[in-house]
Amino acid sequence: MRTPAPNVRPVGLTIAGSDSGGGAGIQADLATMAAHGVFGTSAITAVTAQHTRGVESSHVLPLEEIRAQIDAVTGDFDVGAAKTGMLATTEIVQTVADYAREFDFPLVVDPVMVATSGDRLLEPEAERAYEDLLGAATLATPNADEVEVLTDVTVTDEATAREAGEAILETGVDAVLVKGGHVPGERVRDTLVTSETVRTFEHPRVDTDATHGSGCTLAAAITARLAAGEHLESAVEGAIDFLAHAIRYHYDVGEGPGAVNHFVDLRDDASREPTAEAVQAVVDRLVDADVSALVPEVGMNVVGATPSAESVADAAAVEGRITRTLSGINPNRGVRFGTSSSVAPILLAARESHPTLRFAANCRFDADVEAALDSLERDVLEVDAGAVDDIASGSSLETPSTDDGTEPRTTVSSLADREVPPAALLDRGDVGREATVTVLATDPETLAERLLALDSEVDR
């Protein structure tokens, strides 16, 4: 008989509807809580038959069954935080408001009032009942449509978001997160309003329709973080980053747009060690083959990005680069994450157009290397790689304009015009920047083979 080793976790509670398609509601909430290391419990208010294309039907549970679920959970578990989602009727909203007044833990209210189509989901009495529920809540997370229902304010910018948030604060809620996902624009701006501060969180909009359940996921992520003891502002910031990542790397399931990927961060974390090992394997092959002819004066680096990499911190590379010595090439130190300041930004910029690209290495560029690239008939794109210096901070990847009437520079963002990414990027350099070739690949084996083939042509 083995000794048990129980795992103690914070507990979260979601009071919401069930989504048979798994993208929203209870299913999204529990998946999000699990992804944050929180044990999720639930009280189901309604059962819906839906999928990635829409809702087929719904059935509201009897009020006594909803009460029984809430009593069962709160009577047994040490709940750290709770959230609400679809409450469906005036009676359910009022019932949850009665419970909320007695909760001794934070409550996040996602006021599900308006469908994506713009249709109202609740009768006016239920909308008014939400004011009582908000008065007992820690945070409200309305989108622009729900804000308009609650305040008659149309959110178009930061000023109107602040105005709406301040109006909702009058219900007695501690804080309001006015979500910007429904407000048009290249960037999404979410505004957190409290009685003392206003803070706007901003990130690039992801060009996808796979956003069903995003509101549930965001509220559940905040709830999970509050249950784990995070401060409200920190919980909101972390949850917004989590959602942006989950939407960009969404699941391609169903016949509709797809579903939010609630476990993207967990899977990406799990891929870090295998990615570093793959980079090391490529380095070992290059060292064994002594590809000195390819190593630039500034040194060579091999970079591997995790499947859902977003920044240089998600890219493994040789710390200190690979340099030439009298006995061949040698990596200065081991493989670490976040150590590449030149090759990793180029790879990340290329991934904006082709996310399947995961590995890259830089090479010397001269007439011999150019001839070798031609002989191998590689698809090479000439770029100004210096234009991606700020990729880690999420800066624009658009081709820079010029003020002198000359043609704009071709940047790594030009890959967006290609269905298949090139095998290499050629940067002829500039004042203070050495000319280099960056070899790209979707897997480490292909990267190694391309480098070794290039080296054999240069050495011929």
Side-chain angles (χ1 to χ4, degrees), residues 14-36 40 42 44-61 83-88 110 112-121 141 143-146 179-182 184 188 203-221 223-224 239-271 306-310 351-356 358 416 419 442:
T14 171
I15 306 169
S18 169
D19 174 4
S20 60
I26 291 288
Q27 287 81 351
D29 294 342
L30 295 180
T32 300
M33 290 181 184
H36 283 79
S42 64
I44 299 175
T45 59
V47 176
T48 68
Q50 60 180 298
H51 39 58
T52 58
R53 303 190 310 275
V55 180
E56 298 291 342
S57 65
S58 64
H59 172 70
V60 177
L61 268 66
K83 72 168 288 285
T84 66
M86 176 184 177
L87 298 182
D110 182 18
V112 181
M113 296 178 169
V114 183
T116 303
S117 62
D119 295 332
R120 296 272 184 105
L121 297 176
T141 61
N143 61 33
D145 295 328
E146 290 153 355
K179 298 181 294 190
H182 290 193
V188 176
H203 59 83
R205 188 179 299 275
V206 180
D207 186 18
T208 180
D209 292 327
T211 58
H212 172 62
S214 57
C216 306
T217 299
L218 178 61
T223 302
I240 289 172
D241 290 342
F242 170 84
L243 178 61
H245 210 198
I247 290 176
R248 184 182 183 196
Y249 295 96
H250 59 269
Y251 288 120
D252 184 11
V253 294
E255 296 181 7
V260 171
N261 185 352
H262 307 100
F263 292 102
V264 61
D265 287 343
L266 279 182
R267 293 195 175 98
D268 216 44
D269 286 344
S271 73
T306 59
S308 307
E310 291 285 275
R351 281 173 52 82
E352 287 295 313
S353 300
H354 296 277
T356 57
R358 289 190 53 205
E419 291 186 9
T442 58

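Just so it is clear, the values below take in all heavy atoms, side chains as well, and ignore hydrogens, waters and symmetry mates.
- At least one side-chain heavy atom of Thr14 sits under 4.5 Å from a side-chain heavy atom of Leu30.
- Closest approach of Cys216 and Ala28 over heavy atoms only: CB-CB, 4.4 Å.
- Considering Asp19, Thr217, Thr52 in turn, Asp19 is the only one that fulfils the side-chain hydrogen bond (donor to acceptor under 3.5 Å, both in side chains) rule with His212.
- For the atom pair CZ (Arg358) and OG (Ser308), the distance works out to 9.0 Å, reported to the nearest 0.5 Å.
- No salt bridge links Arg351 with Glu310; every basic N to acidic carboxylate O contact stays at or beyond 4.0 Å.
- Of the inter-residue distances, the one linking Arg267 atom CZ with His262 atom NE2 reads 11.0 Å to the nearest 0.5 angstrom.
- When all heavy atoms of Lys83 and Asp29 are compared, the pair lying nearest together is NZ-OD2, 2.9 Å.
- Taken from CE in Met86 to CD1 in Ile44, the straight-line distance is 12.0 Å, to the nearest 0.5 Å.
- Take Ala224 and apply the side chain to side chain contact (heavy atoms under 4.5 Å, CB included) test, not counting sequence neighbours, and it matches Met33, His36, Val38.
- Take His245 and apply the ring-ring contact (aromatic ring centres under 6.0 Å, His included) test, not counting sequence neighbours, and it matches Tyr249.
- Closest heavy-atom contact between Val260 and Ala246: CG1-CB, 3.5 Å.
- Leu266 and Ala34 make their closest contact through CD1-O, 4.5 Å (heavy atoms, listed as atom of the first residue, atom of the second, distance).
- Atom CG of Asp209 is surrounded by 12 or fewer heavy atoms from other residues, nucleotides or ligands within 6.0 Å.
- Side-chain contact check for Asp110 versus Lys179: some heavy-atom pair is nearer than 4.5 Å.
- To the nearest 0.5 Å, atoms CG (Asp145) and NE2 (His182) are separated by 6.0 Å.
- Side-chain contact between Leu87 and Val112: absent, with no pair of heavy atoms (C-beta onward) separated by less than 4.5 Å.
- Rounding to the nearest 0.5 Å gives a distance of 5.5 Å between CG of Leu218 and CG of Leu243.
- For Ala210, the side chain to side chain contact (heavy atoms under 4.5 Å, CB included) partners are Thr208, His250, Pro257, not counting sequence neighbours.
- Phe263 and Ala31 make their closest contact through CZ-O, 3.6 Å (heavy atoms, listed as atom of the first residue, atom of the second, distance).
- Nearest heavy atom pair, residue Leu61 against residue Val47, reads CD1-CG2, 3.6 Å.
- When atom types are taken as modelled, the side chain of Ser18 and the backbone of Thr48 share no donor-acceptor pair closer than 3.5 angstrom.
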